[in-house]
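What follows is a single structure, written as structure tokens, with notes after it.
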Amino acid sequence: QVQLVESGGGLVQAGGSLRLSCAASGRTASSCAMGWFRQAPGKEREFVAALAWSIRSTNYADSVKGRFTIFRDNAKNTVYLQMNSLKPEDTAVYYCAADQKGTSAVVGGSPSYWGQGTQVTVSS
């Protein structure tokens with residue numbers, strides 16, 4: 001079992017930056033691929049970014065490429081999402097996700113583990 005706890009959400013003006021954190025714990029946490037999803041009001045949850053835990057392989061949604069960066073600190077079992085040049089359309093609840101089967105499971109939208117979510121609001 002893996003537990004995920006997100007932090008770092010908040011309110012920011014358009015063009016600003018935020019960094020989200022996701023601390024993973026549990027016996028198999030260190031072997032999981034990690035990722036971020038988001039869900040805006042009235043919309044379905046969508047993939048944002050993913051990162052393999054053992055190799056430096058990343059995946060991004062087209063809507064965030066060049067603005068968001070996913071990276072991790074293995075020593076802390078923590079994955080981060082650095083969000084720059086934020087837009088009002090980035091407003092959503094952001095969820096951390098993890099799966100031992102690798103980034104394909106995360107990117108595919110059905111990871112085994114989810115965090116509780118953190119709100120990001122971008123004002124215009």
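Below, all heavy atoms of this structure are taken into account, side chains as well, without hydrogens, waters or symmetry copies.
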What pair of heavy atoms forms the shortest contact from Ala24 to Leu4, and how long is it? CB-CD2, 3.7 Å
Does the pair Phe71 and Gln82 meet the rule for a side chain to side chain contact (heavy atoms under 4.5 Å, CB included), with working shown? CA-CA 8 Å; Phe71 61 101; Gln82 178 67 41; 4.1 Å; yes
Close side-chain approach of Val2 to Cys32, heavy-atom, < 4.5 Å: yes
Compute whether any side-chain donor of one residue and acceptor of the other, for Gln116 and Glu6, lie under 3.5 angstrom apart. yes
After noting the C-alpha distance and the side-chain angles of Phe47 and Arg38, does the key distance pass the side chain to side chain contact (heavy atoms under 4.5 Å, CB included) rule? CA-CA 7 Å; Phe47 168 77; Arg38 66 186 182 186; over 6 Å; no
One should read off an interatomic distance between Leu81 CG and Ser21 OG, to the nearest 0.5 angstrom, of 9.5 Å
Could you go through the side chain to side chain contact (heavy atoms under 4.5 Å, CB included) check for Tyr113 and Gln3 one step at a time? CA-CA 7 Å; Tyr113 307 105; Gln3 294 79 43; over 6 Å; no
Looking at side-chain heavy atoms only, is the closest gap between Val79 and Trp36 below 4.5 Å? yes
For residues Ala92 and Ala40, report the shortest heavy-atom separation together with the two atoms involved. CB-N, 3.8 Å
Contacts of Lys87 that satisfy salt bridge (Lys or Arg N to Asp or Glu O under 4.0 Å) - sequence neighbours left out: none
Which Ile, Leu, Val, Met, Phe, Trp or Tyr residues join Val5 in one cluster when any pair of side-chain heavy atoms under 4.5 Å counts as a link? none
Compare every heavy atom of Gly117 with every heavy atom of Val93, then report the nearest pair and how far apart it is. CG1-CA, 3.9 Å
Ignoring hydrogens and geometry, is there a side-chain-to-backbone donor-acceptor pair from Thr103 to Leu51 under 3.5 Å? no
Any donor-acceptor pair under 3.5 Å linking the side chain of Asp99 with the backbone of Ser112? yes
Exam field: side chain Thr78 to backbone Lys76, donor-acceptor pair closer than 3.5 Å: yes
Value for SG (Cys22) from CZ (Arg72), rounded to nearest 0.5 Å, stands at 14.0 Å
Cluster overlap Val120 with Trp114, hydrophobic side-chain contacts below 4.5 Å: no
Can you give me the closest heavy-atom contact between Val122 and Thr91, atom names plus distance? N-OG1, 2.9 Å
Side-chain donor-acceptor pair under 3.5 Å between Tyr80 and Arg19, yes or no? no
Between Tyr60 (side chain) and Ile70 (backbone), is there a donor-acceptor pair under 3.5 Å? yes
Look at the side-chain heavy atoms of Ile, Leu, Val, Met, Phe, Trp and Tyr, link any pair under 4.5 Å apart, and say whether Leu18 and Val64 land in one connected group. yes
Taking the side chain as every heavy atom from C-beta outward, state whether Tyr94 and Gln119 have any pair of such atoms under 4.5 Å apart. no
Is it true that the side chains of Asn84 and Ser17 contain a donor and an acceptor less than 3.5 Å apart? yes
Decide yes or no on side chain to side chain contact (heavy atoms under 4.5 Å, CB included) for Leu20 and Thr118, but give the supporting numbers first. CA-CA 8 Å; Leu20 305 182; Thr118 185; 4.1 Å; yes
OG (Ser30) and CG (Asn77) are apart, to the nearest 0.5 Å, by 5.5 Å
Should Leu86 and Tyr95 be counted in the same cluster of Ile, Leu, Val, Met, Phe, Trp and Tyr side chains packed under 4.5 Å apart? no
Heavy-atom side-chain proximity of Val106 to Phe37 below 4.5 angstrom: yes
